[in-house]
Structure formats: C-alpha cells, structure tokens
Enquirer: 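Here it is: the structure, laid out below.
So that the names make sense, note that chain A is the first sequence line, chain B the second, and so on, each numbered from 1.
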Amino acid sequence: MPQQLSLQPMSKKVRVRFAPSPTGGLHLGGVRTVLYNYLFAKKHGGDFVLRIEDTDQTRYVAGAEEYIFNCLQWAGLVPDESPMHGGNFGPYRQSERKAAGIYQQYADKLIEQGYAYYAFDTPEELEKMRMDYKTEENPSPQYDHKLRMKMRNSLSLSSEETNQLLAAGARKVVRIKMPQNETVSFTDMIRGEVSFDTALVDDKVLLKADGMPTYHLAVVVDDYLMQISHAFRGEEWLPSAPVHVLLWKYLFGLEAMPQWAHLPLILGPNGKLSKRDGAKYGFPVFAMNWTDPKTNELTEGFKEKGFLPEAFINLLALLGWNDGTEKEIFSKEELVDAFSMERVHAAGAKFDYEKAKWFNHEWIKKLPIHNYQLAIMNELEATSISITDNLQFEKILNLVKDRCTLLPDFVQQAGFFFKAPQQLDVAAVKPKWTDEKKTFFETFIETVLQQADFTPLALENAFKELAAANNIKPGELQLPLRIMLVGGKFGPPVFDIAVLLGKEETAARIKYALTIF
RNA sequence: GGCCCGUUCGUCUAAGGGCUAGGACACCACCCUUUCACGGUGGUGAUACGGGUUCGAAUCCCGUACGGGCUACCA
C-alpha cells in the first residue's frame, strides 16, 4: 500500500548511490536496487554514484567488479560516477578509501566522544561467549549492554590495561556503544515511521582488526562525504538501520542524513531469491552469466538466456512498483518519467518467470529488428549459420518475431531460411500421402520455377489452380508443402516462406522431400 | 528464542472509508488461422482469521495466525 509521504524539501541536489560488494554475480534484487536508484536520480535530475564495497578480503572475488559494471552497461544503467568513470567524490572503492585513513578518523572521533570503544576479544573468546550464554530462550546472545562488561574491552578494562594493550599493538576492533534505553526512529520512504529499541540492538563492529570499516561505518561515512541525499537498499538492511541512524546523529547530525527507503525483497519459491533457486527451477537469477573463478561454477544470466535489456529492466521495475494505471510496458524513459518511490510496495514480490518471459515477448514484438539484430545473428552463428544479406535477414526476422519469446527462439523460427531442415516431420505427411499428391508436387516444382510474378499471393493462386486441376483440396497440400520447406508444423504463412526462400531453393527442397515421402 | 517488516485471485498488482473488488501473467473455452504462433472474445479464481471504530471497512485500530528478513571482525 503506497504511503502518502511528502519528500523533505530537497535543499541539496539529489545524489543516490549503488554500493555492491564484488563477491559474485549480480542478482535480480541487486539490479532492481540499481534501477530504482537510477530512475529516482534521473527523474530528479540528480547524480547516480557507483561505490564498490570491497572491504571483505576473504570474500572478494577477482573480476566481480568489472562484471558488475558490464551488467549495468548491458542494462543501460551506467553510473555517472564510479571507479570506471571518475567523478568528483572518489575514491569509489572502500579499500582505497581505507588506505587514505578516512574511516579511522571517524572511528577515533566516536571513541573520543564515548560513542564507541575498543574491543580486544579474540574470535575464540567471542565464540566462547556465544556458547556460554546460549540458552533455549536466547539461542544467539549478542555483544550488547548486558554482556559487554563481561568481555575484554576499553569499557570493562581499566584505562591502564587498555593503554597497555593499545601500546603493545594488540588486535582490536572498534564497536559502537549502543545506548541502553533509547528509541531510534526514522521515516522510511516506503514504510513510513520505523522505530527500534536500542537496548535490543548489539554493539556492532565498526572498524575491523585489519583496519577495514564494516558496512555500518562505511555506508554512513561515505554517504556523508559523497553528499548522498537518498539511500535505497534492500529490506534485509532494515534491522541495522538504527545503527546507521545513530552514527549519523553522532557524526554528522540527523539533518544531514539521507532519506532512507528499504526496498521489498524479491522472493523465490521459498524465501529470498537465491542462486540455488535459479538452478533448481530453471530460470536465471543473475543479469549476465557469472562463472565463479574459485569453483568454476556457471550461473546463467538473463542476457545469455535471450532477454532484451529493455524487457529486463521493465520486468524488474514492475516487480514491486507500478504507476497506478494498467500500463505494464515501459521504456526506460517512460520509467524515469513515471517512477516514484512512494508507489513502491512494502511487501516482497515473488519472481514469476512466466511473466518475465511475457515481458520479453512484448519487447521483441515492439522493438524494431535492428535493435537486437546483432544478438540474433550471434545466436544463429552459434549454430554455424552465417548471414550475408542483411536486408533479407531483416525481412525474415520481421516475419517470425511474433513467434519468439526469447532470442534463441529465432534459431528455431528462422534457421530454416538459411539452412535446409535436417529432418522432415515425415510422420505428419506419410499417412495421407498419395501418388496423386506426389504428381502434383512434381508439377508444382515447374510452376514455381516458371512463376513470373513470384509473390506470396500469386504463388498461392497458382498453387490453388494447380490443385483444382488435379482435383485435390489445397488444404491437403499445404501441410506437406510446409513440411518440405521448413521441416515441421510451425512457422509463418507458407507462401511467404517460399518467396523469401527463392524459386531455386523452394524447388530444390520440394524435389528433395519427394525422394523421402 | 528476540527484534523488525509484511499479508487482495496460483503469481505480479489496482482500489487512499462508499458501484458487482479492476487489470496483467498462467490456466480453460470459443473465434481467427487448412501449420505453429500472434491477435480477439469470454470464463475459473482473491481481500488470512477474530474483535473493534463507523450509517458504511480490503482500506483505520487492536489481537491472533501465517510468511519473510535480521540476529558475524558478510554485505
């Protein structure tokens, strides 16, 4: 249900950002987040920033950053500012920003003001704490106000001990000190007012032992330094929003905080859409093919599956948003025009592959052939068909496009124009085949070759005249002719096919088929 | 377990207190088509449950149930 919320007056320019972590493929939810960011920015004449969150060394996957950029390029959602494009607010990689000491100084500031503290606990100690305090009612104990004084940190230790540890260069992290009884609330552009009791939120790590910031610190610091005005992300971030709000309050003031919107999740058959769902149910979940360099596992993408980028962003936009009318087919420009965050749904949307294909079908029918001619040529060349005559090619594609849902369908629907069918559906003809029909076609070969006006209509008339002369119903002859030319019971009107094939080829295919029937 | 978010046809959704709860995908039937599709017409099909507020509730409030998310030195 759309909320009636007015946007805060936009004193500063609209700047939104997408901040993926380069840890693998770009899934549907990720692309939709980019899309909504992009649409919102463009609608308000703002900027769209791509920031790379490569702060987790253990999960970083080589090549993923370029992959993400390629996906955005294919979908037509290239950012204004990014590591690839420059801009005035770089660096755009968190690893590079860490090197500049940007995060450290803000962590220090928080500690000075008593909003954060050093924690020296080792992973083993944390593990032990979780085991020791685990009960039936509380299966996952948190590092929070109830337990922090039982741990080793600058709050529980004396200042001498703390200083000694610091001087000795002990392994340490910086944690936020969550207030014990405060209610943190903020206005989400989609959900309205959301509030949290800080006593129930844990002391999240802000700066890791390796000096890298966690997402929590990075997102706040970067949004501030990059002057981000609106921050849109998936709903899975909602539970950590109070940490971010508090950080904004401590560091930069709530007035400077961007407007938040937590986008509904895209769901698979059971729960949040995952890579596994795609493999299990046979549909793509990534924008483009992604091969994990560690496991060599390939996850198929929408692009390679034969989706048009126009259809892809269209179907994604409509998964959780609509403009209030019955319009469903939107170009990117139309989306920019119609989009509003207030009309984004609060509830998660289950992905429906059948509807996704419908969108693609609509776009194949709608778009002029030349928009995707190259992609089809690639599909055909993969089956060792090469195109020489572009004009002819375009005519053929226009003839069959209504019958194609995904790009590879063109191979089935148009392949026979370039390569005689390998197999003829003999079973569809045999039972009713007669010597009279054979005679008819032997004569028809001559008709074709001598046809002066070689157009579909003229050829059809000639075909019917000859049929009448032979005392056979034309209907009984059309299916055999079709099988001769295309191999099966499919395709556009048969005389259109014959004309595009040309006299010689049509005659040759009939002649060959007669040797089989 | 705790916290947060959510709940209208199978799916995506419209309806911001007031027509018979509308559309799209999928499904079914018919028409068009001497192929397969496209297209056209029609059909099956939903307000989770219980209370309240109100002349009137899908809509506002409360509770219950159910679903999802989070609960890492991952994002």
Side-chain angles (χ1 to χ4, degrees), chain A residues 1-4 19-23 53-56 58-59 119 121-123 126-127 130 134-143 171-175 188 190-191 194-197 199-202 204-210 212-216 218-219 233-242 262 264-265 267 270-272 315 318-329 345-359 361 365 400-405 409 412-413 425 428 473-483 486 488-494 497:
Chain A
M1 179 110 11
Q3 302 281 330
Q4 258 322 56
S21 57
T23 54
E53 295 191 337
D54 55 346
T55 51
D56 186 350
T58 59
R59 294 207 319 157
D121 316 276
T122 63
L126 288 173
E127 183 57 26
R130 286 185 188 116
K134 186 171 166 178
T135 60
E136 201 127 300
E137 295 81 45
N138 186 10
S140 38
Q142 305 192 106
Y143 202 119
R171 235 181 109 82
K172 62 174 192 301
V173 301
V174 175
R175 284 180 182 271
D188 185 281
I190 295 168
R191 284 152 223 285
V194 184
S195 57
F196 300 84
D197 180 354
L200 300 166
V201 182
D202 62 333
K204 288 264 184 286
V205 171
L206 264 21
L207 212 56
K208 301 189 256 187
D210 61 2
M212 279 284 195
T214 58
Y215 173 83
H216 308 296
V219 74
R233 71 223 304 193
E235 192 187 346
E236 69 269 28
W237 288 107
L238 207 40
S240 52
H262 290 87
L265 261 14
L267 275 10
N270 9 297
K272 196 164 127 178
L315 72 92
L318 272 284
L319 215 47
W321 171 89
N322 71 85
D323 75 341
T325 73
E326 280 166 10
K327 185 177 164 80
E328 291 196 277
I329 302 299
H345 266 250
K350 200 177 282 186
F351 175 65
D352 181 357
Y353 189 45
E354 292 306 317
K355 183 115 189 194
K357 286 192 287 192
W358 173 79
F359 274 108
H361 187 57
K365 286 189 288 177
V400 304
K401 67 195 278 196
D402 284 2
R403 295 169 161 73
C404 299
T405 299
D409 294 344
Q412 152 82 345
Q413 291 295 330
D425 185 359
K473 286 184 200 148
E476 293 195 25
L477 296 164
Q478 269 200 36
L479 185 64
L481 178 59
R482 169 175 299 280
I483 305 279
V486 318
K489 289 194 271 188
F490 63 91
V494 71
I497 295 171

Enquirer: Is a donor-acceptor pair below 3.5 Å formed from side chain A:Arg403 to base B:rC36, judging by atom type as modelled?
Expert: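 Result: at least one qualifying N/O pair found.
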Enquirer: So which nucleotide from B:rU11, B:rC73, B:rC4 ends up closest to the side chain of A:Lys350?
Expert: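 When the side chain of A:Lys350 is considered, B:rU11 is the closest of B:rU11, B:rC73, B:rC4.
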Enquirer: Side chains of A:Tyr353 and A:Leu315: does their closest heavy-atom pair fall under 4.5 Å?
Expert: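 Contact flag for A:Tyr353/A:Leu315 side chains = no.
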Enquirer: Using the ring of A:Tyr143 (Phe, Tyr or Trp, six-membered ring only), decide whether A:Arg175 places NZ or CZ under 6.0 Å from its centre and within 45 degrees of its axis.
Expert: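 That pair qualifies as a cation-pi contact.
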Enquirer: Would you say B:rA14 has OP1 or OP2 under 4.0 Å from some side-chain N or O of A:Asn322?
Expert: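 Yes, A:Asn322 has a side-chain N/O under 4.0 Å of OP1/OP2 on B:rA14.
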Enquirer: Counting only Watson-Crick or G-U wobble pairs whose two distances fall under 3.5 Å, which nucleotide matches B:rG67?
Expert: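 B:rG67 is paired, partner B:rC5.
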Enquirer: Specify the residue among A:Glu137 and A:Leu265 whose closest nucleotide of RNA chain B lies further upstream toward the 5′ end.
Expert: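 It is A:Glu137 whose nearest nucleotide is closer to the 5' end.
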Enquirer: Mind checking the P distance from B:rC19 to B:rG23? Whole angstroms is fine.
Expert: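 Their P atoms lie roughly 16 Å apart.
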Enquirer: From the list B:rC38, B:rC5, B:rG1, which nucleotide is the closest neighbour of the side chain of A:Pro139?
Expert: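 Of the candidates, B:rG1 comes closest.
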Enquirer: Flag the pair A:Lys350 and A:Asp352 as a salt bridge only when some basic side-chain nitrogen lies within less than 4.0 angstrom of an acidic carboxylate oxygen.
Expert: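 A:Asp352 and A:Lys350: not salt-bridged.
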Enquirer: Who does B:rA29 pair with, Watson-Crick or G-U, both distances under 3.5 Å?
Expert: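 B:rA29 is paired with B:rU41.
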Enquirer: Just to be sure I understand the rule, does A:Ala209 reach a base, reach only the sugar-phosphate, or reach nothing, if contact means heavy atoms closer than 4.0 Å?
Expert: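 The residue A:Ala209 makes base contact.
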Enquirer: Using a cut-off of 4.0 Å on non-hydrogen atoms, how would the nucleic acid contact of A:Pro493 be classed: base, sugar-phosphate, or nothing?
Expert: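 The residue A:Pro493 makes base contact.
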Enquirer: Say we look at B:rC49 and B:rA24: how far apart would their C1' atoms be, to the nearest angstrom?
Expert: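 Looking at atom C1' only, B:rC49 and B:rA24 are 29 Å apart.
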Enquirer: Taking the P atom in each of B:rC28 and B:rA37, what is the distance between them to the nearest angstrom?
Expert: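 Looking at atom P only, B:rC28 and B:rA37 are 12 Å apart.
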Enquirer: What contact category does A:Thr55 fall into here, base, sugar-phosphate, or nothing, at under 4.0 angstrom with non-hydrogen atoms?
Expert: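 Sugar-phosphate contact only - A:Thr55 comes under 4.0 Å of backbone atoms but never of a base.
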Enquirer: Using atom C1' of each nucleotide, how far apart are B:rU54 and B:rC62 to the nearest Å?
Expert: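 These two C1' atoms come out 16 Å apart once rounded.
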Enquirer: How does each nucleotide of nucleotides 22-29 of chain B score, in 5' to 3' order, for protein heavy atoms under 4.0 Å: base (B), sugar-phosphate only (S), or none (-)?
Expert: SSBB----
Enquirer: Give A:Asn138 one of three labels, base, sugar-phosphate or nothing, depending on what nucleic acid heavy atoms sit under 4.0 Å from its own.
Expert: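 The residue A:Asn138 makes base contact.
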Enquirer: When both hydrogen-bonding distances must be under 3.5 Å and the geometry is Watson-Crick or G-U wobble, what is B:rA14 paired with, if anything?
Expert: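 WC or wobble partner does not exist here.
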Enquirer: When we call it a touch if two heavy atoms are under 4.0 Å apart, what does A:His361 touch: a base, just sugar-phosphate, or nothing?
Expert: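 Sugar-phosphate: the residue A:His361, judged by heavy atoms under 4.0 Å, touches backbone atoms but no base.
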Enquirer: Using a strict threshold of under 4.0 Å (side-chain N to carboxylate O), is an ion pair present between A:Glu235 and A:Lys272?
Expert: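 Salt bridge absent between A:Lys272 and A:Glu235.
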Enquirer: Using whole Å, what does the distance between atom C1' of nucleotide B:rA72 and atom CE of A:Met212 come to?
Expert: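 In whole Å, B:rA72 C1' and A:Met212 CE are 17 Å from each other.
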Enquirer: In the strands shown, is B:rU47 matched to any nucleotide by a Watson-Crick or G-U wobble pair with both distances under 3.5 Å, and which?
Expert: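 Check on B:rU47: unpaired, no WC or wobble geometry under 3.5 Å.
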Enquirer: Within the structure shown, what part of the strands sits under 4.0 Å from A:Asp121 by heavy-atom distance: base, sugar-phosphate, or nothing?
Expert: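 If one applies the 4.0 Å heavy-atom cut-off, A:Asp121 turns out to touch a base.
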Enquirer: Could you tell me whether A:Lys357 contacts a base, only the sugar-phosphate backbone, or nothing, with contacts defined as non-hydrogen atoms closer than 4.0 Å?
Expert: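 No contact at all - A:Lys357 keeps every heavy atom at 4.0 Å or more from the nucleic acid.
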Enquirer: Reckon A:Gly234 touches a base, only the sugar-phosphate, or nothing at all at heavy-atom distances under 4.0 Å?
Expert: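 A:Gly234: no heavy atom of the nucleic acid under 4.0 Å.
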Enquirer: Can you check the distance between B:rA14 and B:rA58, where both ends of the measurement are the C1' atom (answer in whole Å)?
Expert: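 These two C1' atoms come out 12 Å apart once rounded.
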Enquirer: Kindly point out which of B:rC74, B:rC70, B:rC4 is positioned nearest to the side chain of A:Glu236?
Expert: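 Nearest nucleotide to the side chain: B:rC70.
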Enquirer: Does the side chain of A:Arg482 get closer than 4.0 angstrom to OP1 or OP2 of B:rC36 through an N or O atom?
Expert: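 Checking B:rC36 against A:Arg482, no side-chain N or O comes under 4.0 Å of OP1 or OP2.
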Enquirer: What does A:Lys401 touch in the nucleic acid at a heavy-atom separation under 4.0 angstrom: a base, only the sugar-phosphate, or nothing?
Expert: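 It contacts nothing in the nucleic acid.
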Enquirer: Base of B:rC66 relative to its sugar, syn (within 90° of 0) or anti?
Expert: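 Glycosidic conformation of B:rC66: anti.
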Enquirer: On a whole-Å scale, what distance lies between the P atoms belonging to B:rA57 and B:rG50?
Expert: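 One P to the other, the span is 14 Å.
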Enquirer: Could you measure between the two C1' atoms, the one in B:rC61 and the one in B:rG17, and give it in whole Å?
Expert: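 Taking atom C1' in both B:rC61 and B:rG17, they lie 14 Å apart.
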Enquirer: Taking the same atom, C1', in B:rG6 and in B:rU44, what whole-Å distance lies between them?
Expert: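 It works out to 29 Å between them.
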Enquirer: Please state how far atom CG in A:Leu267 lies from atom P in B:rC5, giving the value in whole angstrom units.
Expert: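 Value for this atom pair: 17 Å.
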Enquirer: Check every strand shown and say whether A:Val219 touches a base, only sugar-phosphate, or nothing at a heavy-atom separation below 4.0 Å.
Expert: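 The residue A:Val219 makes no contact with any strand.
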Enquirer: What nucleic acid atoms does A:Pro20 come within less than 4.0 Å of, heavy atoms only: base, sugar-phosphate, or nothing?
Expert: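 Counting heavy atoms under 4.0 Å across all strands, no contact is made by A:Pro20.
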Enquirer: Which part of the nucleic acid, if any, lies within contact of A:Gly271, taking any heavy atom under 4.0 Å across all strands shown: a base, the sugar-phosphate backbone alone, or nothing?
Expert: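 Since only primed, P, OP1 and OP2 atoms lie under 4.0 Å of A:Gly271, the category is sugar-phosphate.
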Enquirer: Can a donor-acceptor pair be found, under 3.5 Å and without considering hydrogens, that links the side chain of A:His216 to the backbone of A:Ser240?
Expert: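 Not confirmed, A:His216 side chain does not pair with A:Ser240 backbone.
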Enquirer: Regarding A:Arg130, tell me which of base, sugar-phosphate or nothing describes its non-hydrogen contacts under 4.0 Å with the strands shown.
Expert: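 The residue A:Arg130 makes sugar-phosphate contact but no base contact.
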Enquirer: Base, sugar-phosphate alone, or nothing: which one does A:Arg171 contact when heavy atoms must sit under 4.0 Å apart?
Expert: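 The residue A:Arg171 makes base contact.
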